[in-house]
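Remarks on the structure that follows.
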Number of protein chains: 2
Amino acid sequence: MSKCEQCIVRQFNSLKHLSKDELVRMSACKTSKIIKKGEPLFVEGEHINGVFCIKDGICKVSKMSENGKNQIVNLVHRGDLIGERSLISDEVSNLNAVALNDLEICFIPKTEIIKDLEKNPNFTMDVLKTMANSLKNADNLIVDMAQKTVKQRLAEALLNLEEKFGTTNEGALDIQLSREDIANIIGTATESAIRLLSNLKKKEIIVFKGKDIKIINHNELEKISHGF
Amino acid sequence: MSKCEQCIVRQFNSLKHLSKDELVRMSACKTSKIIKKGEPLFVEGEHINGVFCIKDGICKVSKMSENGKNQIVNLVHRGDLIGERSLISDEVSNLNAVALNDLEICFIPKTEIIKDLEKNPNFTMDVLKTMANSLKNADNLIVDMAQKTVKQRLAEALLNLEEKFGTTNEGALDIQLSREDIANIIGTATESAIRLLSNLKKKEIIVFKGKDIKIINHNELEKISHGF
DNA sequence: CGGTATCTTGATTGGTATCAACTTAAGTGG
DNA sequence: CCACTTAAGTTGATACCAATCAAGATACCG
């Protein structure tokens, strides 16, 4: 099994602030796992009791609404930590995490890492920073959901996806989402998302390359997301 | 000027974890202020550089959307801290805070309290806990905004307001909100909010007492918020 | 080569925003 | 105290957006 202290991925998240000693200790108690595409990493109501560090792959974080619809609240990928909240509160998870493609992750039990949270202020401060940033993003998302039209939200989502996940050699978004996933990101019915995507294609703002989506006219998409 | 170490309000937030010494030091550099109803505590784009502790009154925390509409993302009151994020990041505020009624607050400069954040793990952990909880609430709000109808959101908002702010002697919500404020909480046009409130009144689920709102039929309101 | 999941398009319905007119309430100054 | 002004609340009519239902097309998989 690979060692935490040699893991590159760690550089991308709060774990980079752990000392050599702390990493060795962590390495000894962590477990690695492969989650297949479509399989859950954890589900609503589950006790997580630790954090997951994503070594490879993309994971959709979602929540069920009362009417049975799935809302994706975040997409996390290589380098991200997930489940930090379980370190702080003993509540069960309020979110689902499902692999969007094959997922390679490490699980670090709460019992181990909690010591670092108490004794390593650099680590704690970084967790705090990450959480503060998530909170800011969440506030922005609330405003968008409440005030923007579905069309605007789709345009914005496409731009955000490109910024976050980048593009392939051919210029397509480097993330594969079903129409349903896209609908669940922007919070609308699948058919509505499909319809709007199809409109964007007609206007030659985006094109479909097989399963991939490629943005051609960023400028226009930007305009749409701002309500023009 | 009153002293932090004797302040009751402190018991309600993370400051309760500070030591006597820390409080004395804090007391020496804090400033007290009265913000009149309708006046801003801080606005979007401003450098806050400290935290506000609310001694009395209610403050609406909102964010402007691109189309010029105001979305209320939180209501904070007596005992709450606001501006914690300014301790962690040097970014300007992304939110507005406006007094809903006359507001009595203390301001503690970042330069002072940042030391406690670095050296008092109990305090840091409580800030972390508070933030984790805010994040959970924000996720829930995202799902509600994305998936619930305006009618559902109004019903839910009324119940939440009652739970958070309690009721007066006469059983009315112990918070005075304009129709516009209510609309900005649930993320809809003012007229839509008015219409729905008026419907709830017709069905004798709520009544208006002067400026106050009183919930009579909690059961029915609960049902509506769940989509029936 | 079926069979199933995903995708796509059309028609219909209902919810919500918007615009406009009006009523009521809340100051303000004479 | 009244007349005036302004803000806030209310209601109706209309148009637009998005959800839903239904049907068909395309891709995917054993």
Side-chain angles (χ1 to χ4, degrees), chain A residues 36-38 60 65-71 98 100-101 143-157 176-203 206-213 224-225 227-228, chain B residues 36-38 60 65-71 98 100-101 143-157 173 175-203 206-213 224-225 227-228:
Chain A
K36 290 241 177 80
K37 176 177 175 174
K60 55 179 174 182
S65 73
E66 282 163 356
N67 58 28
K69 283 188 189 162
N70 215 12
Q71 177 67 37
V98 175
L100 208 58
N101 44 31
V143 177
D144 282 352
M145 286 299 177
Q147 305 280 7
K148 288 193 172 180
T149 65
V150 173
K151 197 204 270 187
Q152 286 178 278
R153 293 190 326 240
L154 174 62
E156 195 175 19
Q176 289 236 350
L177 294 162
S178 69
R179 303 302 193 220
E180 192 181 359
D181 285 331
I182 294 176
N184 292 346
I185 291 172
I186 61 181
T188 191
T190 308
E191 296 98 320
S192 302
I194 289 176
R195 221 172 293 263
L196 291 169
L197 278 170
S198 148
N199 277 339
L200 290 177
K201 186 185 162 192
K202 264 185 207 151
K203 291 184 195 153
I206 61 174
V207 287
F208 304 143
K209 284 204 158 195
K211 281 218 146 190
D212 294 339
I213 297 173
I224 291 172
S225 84
F228 301 107
Chain B
K36 291 241 176 79
K37 176 176 173 173
K60 57 179 173 182
S65 73
E66 280 162 358
N67 58 29
K69 283 186 189 163
N70 215 13
Q71 177 66 38
V98 175
L100 209 58
N101 44 29
V143 177
D144 282 353
M145 287 298 177
Q147 304 281 6
K148 289 193 171 181
T149 65
V150 173
K151 197 204 272 188
Q152 286 177 279
R153 291 187 332 234
L154 174 62
E156 195 176 18
L173 297 187
I175 178 175
Q176 289 235 351
L177 293 163
S178 68
R179 304 300 190 217
E180 193 181 358
D181 285 331
I182 295 177
N184 291 346
I185 290 171
I186 61 182
T188 190
T190 308
E191 298 99 318
S192 302
I194 289 177
R195 221 173 294 264
L196 291 168
L197 279 170
S198 152
N199 277 339
L200 291 177
K201 187 186 163 191
K202 265 186 206 148
K203 291 183 196 156
I206 60 173
V207 287
F208 303 143
K209 284 203 159 195
K211 279 218 143 190
D212 293 341
I213 297 174
I224 292 173
S225 85
F228 300 110

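Every chain is numbered from 1 and lettered A, B, ... according to where its sequence line falls, protein lines coming before strand lines. As the structure is a computational prediction, the values presented were derived from the model and not from experiment.
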Distances for protein N or O near nucleotides 21-30 of chain D N or O, under 3.5 Å:
unit_1	atom_1	unit_2	atom_2	d
D:dC21	N4	A:E191	OE2	3.4

message: Judged by each residue's nearest nucleotide on DNA chain C, which is more toward the 5′ side, A:A146 or A:K202?
response: A:K202
field: Length of the CG-C1' vector between A:N199 and D:dC16, whole Å
entry: 15 Å
query: Should B:Q152 and B:Q147 count as side-chain neighbours, where that means a heavy-atom distance under 4.5 Å?
result: no
- line: At a 4.0 Å cut-off to heavy atoms of chain A, the contacted part of DNA chain C spans C:dC7 to C:dA11
- prompt: With a 4.5 Å heavy-atom cut-off, do B:L154 and B:L200 have their side chains touching?
  reply: yes
field: Residue pair A:L100 / A:K37, side-chain heavy-atom distance below 4.5 Å
entry: no
statement: Those residues at least two apart in sequence (or on a different chain) that pass side chain to side chain donor-acceptor pair (under 3.5 Å) with B:S225 are none
5'-most by nearest nucleotide on DNA chain D - B:S178 or A:K151: B:S178
Side-chain N or O of A:S192 closer than 4.0 Å to phosphate OP1/OP2 of D:dA19: yes
message: Under 4.0 Å, heavy atoms only, any strand: does A:K69 hit a base, just the sugar-phosphate, or nothing?
response: sugar-phosphate
field: side chain to side chain donor-acceptor pair (under 3.5 Å) involving B:D181 - partner list, sequence neighbours excluded
entry: B:K60, B:S178
task: For B:T190, answer base if it contacts any base atom (sugar-phosphate contacts may also be present), sugar-phosphate if it contacts only those atoms, and nothing otherwise; contact means non-hydrogen atoms under 4.0 Å.
output: nothing
Listed partners of B:E191 passing salt bridge (Lys or Arg N to Asp or Glu O under 4.0 Å), at least two apart: none
field: For atom CG of B:L197 and atom P of D:dA8, their distance in whole Å
entry: 16 Å
field: Whole angstrom value for the distance that separates C1' of D:dA19 from NZ of B:K148
entry: 18 Å
- request: For A:R153 and A:K148, indicate whether the former's side chain and the latter's backbone hold a donor-acceptor pair under 3.5 Å.
  value: yes
message: Does B:N101 form a side-chain hydrogen bond (donor to acceptor under 3.5 Å, both in side chains) with B:Q176? I'd like the steps, not just the answer.
response: CA-CA 8 Å; B:N101 44 29; B:Q176 289 235 351; over 6 Å; no
task: Using side chain to side chain donor-acceptor pair (under 3.5 Å) as the criterion, list what pairs up with A:N67, not counting sequence neighbours.
output: A:S65
